[in-house]
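Both ligands and their constituent atoms are indexed starting at 1 by order of listing.
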Amino acid sequence: MQGLELHAIDLMKRAGKYIRQKMDQAYHIEEKTNKSDLVTEIDQHVEDLLIKGILEKYPDHLIYGEEGRIERPDTLDGTIWFVDPIDGTMNFIRQKRLFAVSIAIMIDGELRYGFVYDVMADEMFHAIKGQGAYENGIRLDPIEDRPVKEAIICMNATWVTANRRIDPNLLAPLVRDAVGTRAVGAASLELAWVAAGRVDGYITMRNMPWDYAAGQLLIEELGGRVGTIEGADMSFLEQTSVLAGSQRFVSDVLTYVQK
Ligand code: IPD
Ligand code: CA
Ligand code: CA
Ligand code: CA
């Protein structure tokens with residue numbers, strides 16, 4: 001491995017250590033937009049740590065992080081780090097597990113590196129464009145091509161209730177036909193689990209680039225596909241739906257939702 005990825009992995013492991021040290025002490029929690037959209041002072045501090053560590057070594061790189069410590073870029077030109085200091089903040093607060101630090105690095109619009117670090121499991125998933133995807137340094141196998149009827153799907157139950165983004169009647173048959181569904185509560189981890197073959201797909205109507213970009217590269221490096229629920233490519237600058245899995249899974253889901 002070379003400088004950039006070693007630096008990213010080192011920063012993320014340091015962030016993980018900090019989180020583990022602080023998580024059982026008292027910390028401040030704030031509601032952002034609603035009762036399920038929370039931020040803690042630990043999320044903010046970890047984002048600051050990561051930004052500092054990135055800029056110390058790469059002062060001209062751009063950073064697009066969830067907690068808004070730096071202004072978002074307007075275009076995808078240059079080198080952009082998409083940073084989610086704690087993906088799965090609710091899990092972090094309540095379950096004290098199943099949360100991740102997620103970082104993706106894009107160069108001139110192309111995803112080049114993806115890292116998802118499951119802090120409590122000490123599992124580091126990483127992918128380098130053209131060089132495969134790895135779990136704790138061990139190369140992952142290509143994603144198995146399972147259709148919906150043979151799949152375990154990560155999806156939050158919200159999307160099969162009335163909502164503003166999709167007709168729940170389109171998604172309910174997926175839940176009925178699948179082998180099972182899971183809702184982990186941390187998008188980057190759910191995508192990493194697709195890459196690792198623990199589940200077969202991930203579907204959400206609402207993610208930001210720091211949620212999905214790292215997981216996207218993991219999946220793409222293993223032959224899978226990540227796009228929107230309409231089957232389009234990701235834009236990386238705004239909120240989006242995400243449909244991820246093997247090529248077969250994704251095209252099968254599209255036949256359910258494009259009715
Ligand atoms: C959230 C989690 C959640 C997903 C949301 C994300 P956060 O990230 O990944 O699983 O459904 O869309 O915003 O806020 O915990 O970093
Ligand atoms: Ca959040
Ligand atoms: Ca977060
Ligand atoms: Ca997130």
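Of the protein's non-hydrogen atoms, the one nearest atom 7 (P) of ligand 1 is Gly88 N, 3.6 Å. When hydrogens are left out, the protein atom nearest atom 11 (O) of ligand 1 is Tyr202 OH, 4.4 Å; that is the closest non-hydrogen contact. The shortest contact between atom 4 (C) of ligand 1 and any protein heavy atom is with Asn207 ND2, 4.1 Å. The closest protein non-hydrogen atom to atom 2 (C) of ligand 1 is Asp87 OD1, 3.5 Å. When hydrogens are left out, the protein atom nearest atom 3 (C) of ligand 1 is Gly185 O, 3.7 Å; that is the closest non-hydrogen contact.
Ring planes of Tyr64 and Phe82: tilted class, angle from 30 to 60°.
Remark: Glu67 does not engage Arg69 in a salt bridge, criterion side-chain N to carboxylate O under 4.0 Å. A salt bridge between Glu135 and Arg198 is present, with a side-chain N of the basic residue lying under 4.0 Å from a carboxylate O of the acidic one. Salt bridge Glu66/Lys32: present, at least one basic N to carboxylate O contact under 4.0 Å.
One option in Arg206, Lys32, Met90 has a heavy atom closer to atom 12 (O) of ligand 1 than any other, and that option is Arg206.
Each of Asp43, Asp37, Asp84 was checked for a side chain to side chain donor-acceptor pair (under 3.5 Å) with Thr89, and the lone residue meeting it is Asp43.
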Throw together a table of side-chain donor-acceptor distances under 3.5 angstrom for residues 148-172, partners on residues two or more places apart or in other chains.
{"unit_1": "Asn156", "atom_1": "OD1", "unit_2": "Thr158", "atom_2": "N", "d": "2.9"}
{"unit_1": "Asn156", "atom_1": "OD1", "unit_2": "Thr158", "atom_2": "OG1", "d": "2.6"}
{"unit_1": "Thr161", "atom_1": "OG1", "unit_2": "Thr158", "atom_2": "O", "d": "2.6"}
{"unit_1": "Asn163", "atom_1": "OD1", "unit_2": "Arg165", "atom_2": "N", "d": "2.7"}
{"unit_1": "Asn163", "atom_1": "OD1", "unit_2": "Ile166", "atom_2": "N", "d": "2.9"}
{"unit_1": "Asn163", "atom_1": "ND2", "unit_2": "Thr161", "atom_2": "O", "d": "2.9"}
{"unit_1": "Asn163", "atom_1": "ND2", "unit_2": "Ile166", "atom_2": "O", "d": "3.2"}
{"unit_1": "Arg165", "atom_1": "NH1", "unit_2": "Gln239", "atom_2": "OE1", "d": "2.9"}
{"unit_1": "Arg165", "atom_1": "NH2", "unit_2": "Gln239", "atom_2": "OE1", "d": "3.4"}
{"unit_1": "Asp167", "atom_1": "OD1", "unit_2": "Asn169", "atom_2": "N", "d": "2.9"}
{"unit_1": "Asp167", "atom_1": "OD1", "unit_2": "Asn169", "atom_2": "ND2", "d": "3.3"}

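Remark: ligand 1 atoms within the under-4.0 Å shell around heavy atoms of Asp84 are 16 (O). Proximity to Thr89 (heavy-atom distance under 4.0 Å) selects the following atoms of ligand 1: 15 (O). Close approach of ligand 1 to Ile86 (heavy-atom distance below 4.0 Å) involves ligand atoms 16 (O).
Note on the Ca ion (ligand 2): protein N, O or S atoms under 3.0 Å away count 1, no waters included.
When non-hydrogen atoms are compared, ligand 1 lies under 4.0 Å from the backbone of Ala186 (N, CA, C, O) but not from its side chain.
Here the CG atom belonging to Leu4 is positioned 4.0 Å from the CD1 atom belonging to Ile105, to the nearest 0.5 angstrom. Separation of atoms CZ (Phe115) and OG (Ser188) is listed at 13.5 Å; rounding is to 0.5 Å.
Contact analysis puts Asp211 in contact with ligand 1, with a non-hydrogen atom separation below 4.0 angstrom.
A ring-centre distance under 6.0 Å is found for Tyr27 and Phe92.
Remark: ligand 1 and Glu66 share an N or O pair separated by less than 3.5 Å (distance only, no angle test).
Residue pairs satisfying the salt bridge (Lys or Arg N to Asp or Glu O under 4.0 Å) criterion with at least one member in residues 206-225, sequence neighbours excluded, are listed as follows: Arg225-Asp233. Pairs passing the side chain to side chain donor-acceptor pair (under 3.5 Å) check and including a residue from residues 93-110, sequence neighbours excluded, read Asp24-Lys96.
Leu237 approaches Pro209 most closely through the heavy-atom pair N-CG, 4.2 Å.
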